[in-house]
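Inspection log for the structure reproduced underneath, given as structure tokens.
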Amino acid sequence: MTAESVAPAWMHEQITAEQYDSWSEEQCAGIEIVDGMVVVSPSTTKRHNRLVRILANALEAAAGTEWNADTGFDVRLQDVPLTNRRPDVVVYRADTIDVSPTRPEHVLLVVEVVSPGSETTDRIVKTDQYAKAGIAFYWRVEQAATGVPLVYTYVLDPASRTYRDGDVFTGVVKSSAPFPVEVDLGRI
């Protein structure tokens, strides 16, 4: 390994919320912070990005004026040690659009589209982290070999801070919780 290919020191040291908040958006893109450590997110595919866009657009249309659905920003799950996750889609209170960082109490639903290499993190680690943070709903979307995505929904049990399984959808997602939404995923 040459000196040019050695990762910067900040990738091997615990990052504080203050340090992270001082970084530019470009520095924060493509990473998450878990227990204060930088985790590099793998690049996404066109199929992944298309599915994320379809979901975000459908959730935005269903959300009404009280909620926004967006992509590409951090949700601060905890300050110490710092844990920032960047879900594929976040449904959050519209009146908090200018509040930074976005915190779990601003968020109603997070959606993660599982990519090769993120299966364990999206199925187990993030499920646990989002539940402990108090986010009411979690959807995990898996891209099946048939081309028709599977959507696993989870609902928070506030007493235990764990998710209970909701419904599993294929092709068309029809859900009344947290608000009426119908998403035709078709063959992605």
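- Asp88 is listed as a side-chain neighbour of His48, based on a closest heavy-atom distance under 4.5 Å.
- Counting non-hydrogen atoms of other residues, nucleotides and ligands closer than 6.0 Å to CD of Glu25 gives a total above 12.
- Between Val141 and Val114 there is no side-chain heavy-atom pair separated by less than 4.5 Å.
- In this structure, Val111 and Leu59 have side chains that are in contact, with non-hydrogen atoms separated by less than 4.5 Å.
- Cys28 places a side-chain heavy atom less than 4.5 Å from the side chain of Arg86.
- Annotation: side chain of Val90 is in contact with side chain of Val107 (closest heavy-atom distance under 4.5 Å).
- Note: Asp21 CG to Ile15 CD1 = 11.5 Å, rounded to the nearest 0.5 Å.
- Between Phe73 and Tyr92, a ring centre-to-centre spacing shorter than 6.0 Å is recorded.
- For the side chain to side chain contact (heavy atoms under 4.5 Å, CB included) test with Arg103, the passing option among Thr96, Leu77, Asp79 is Asp79; the others fail.
- Nearest heavy-atom pair, Pro81 versus Gly36, reported as atom, atom and distance to 0.1 Å: CB-N, 4.0 Å.
- A salt bridge between Lys126 and Glu112 is present, with a side-chain N of the basic residue lying under 4.0 Å from a carboxylate O of the acidic one.
- A single hydrophobic cluster is not seen to contain both Met37 and Val80; linkage of ILVMFWY side chains at heavy-atom distances under 4.5 Å, directly or through other members, places them apart.
- Ring-plane geometry between Tyr138 and Tyr163 is classed as parallel, the angle between the planes falling under 30 degrees on a 0 to 90 degree scale with a further cut at 60.
- Of all the heavy atoms in Thr102 and Asp74, the pair that sits closest is CB-O, 3.7 Å.
- The only option from Asp35, Val75, Thr83 that meets the side chain to side chain contact (heavy atoms under 4.5 Å, CB included) definition with Gln129 turns out to be Thr83.
- Here the side chains of Asp70 and Val89 are not in contact, with every heavy-atom distance at 4.5 Å or above.
- Remark: the backbone N or O of Ser118 is not paired with any side-chain donor or acceptor of Ser115 at under 3.5 angstrom.
- The shortest distance between side-chain heavy atoms of Leu156 and Ile135 does not fall below 4.5 Å.
- In the hydrophobic cluster analysis, where Ile, Leu, Val, Met, Phe, Trp and Tyr join through side-chain heavy atoms closer than 4.5 angstrom, Tyr130 is grouped together with Val168.
- A donor-acceptor contact shorter than 3.5 Å links the side chain of Thr127 to the backbone of Arg123.
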Could you walk me through whether Asp157 and Arg161 pass the salt bridge (charged side-chain N to carboxylate O under 4.0 Å, His left out) test, one step at a time?
CA-CA 6 Å; Asp157 174 358; Arg161 289 259 194 190; over 6 Å; no

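- Residues Val110 and Val34 are members of separate hydrophobic clusters, defined by side-chain heavy-atom contacts under 4.5 angstrom among Ile, Leu, Val, Met, Phe, Trp and Tyr.
- Residue Leu108 holds its CG atom at 11.5 Å from CG of Asn68, rounded to the nearest 0.5 Å.
- Taking all atoms of both residues into account, the shortest heavy-atom contact from Thr16 to Gln19 is N-OE1, 2.8 Å.
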Worked verdict on Phe137 versus Thr153 for side chain to side chain contact (heavy atoms under 4.5 Å, CB included)
CA-CA 7 Å; Phe137 299 93; Thr153 65; over 6 Å; no

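- Asp165 and Tyr154 form no side-chain donor-acceptor contact under 3.5 Å, judged by distance and modelled atom types alone.
- Judged purely by atom type and a 3.5 angstrom limit, Arg76 has no side-chain atom pairing as donor or acceptor with the backbone of Leu82.
- A side-chain N or O of Thr44 and one of Asn49 form a donor-acceptor pair less than 3.5 Å apart.
- Summarising the geometry of Ala69 relative to Ala56, their closest heavy-atom pair is CB-O, 3.7 Å, with the distance given to 0.1 Å.
- Of the residues listed (Glu142, Gln143, Arg140), the one engaging Val113 in a side chain to side chain contact (heavy atoms under 4.5 Å, CB included) is Gln143, and it is the only one.
- Both Ile54 and Val91 belong to a single network of hydrophobic side chains, linked directly or stepwise wherever heavy atoms of I, L, V, M, F, W or Y lie under 4.5 Å apart.
- Annotation: side chain of Ile33 is in contact with side chain of Val38 (closest heavy-atom distance under 4.5 Å).
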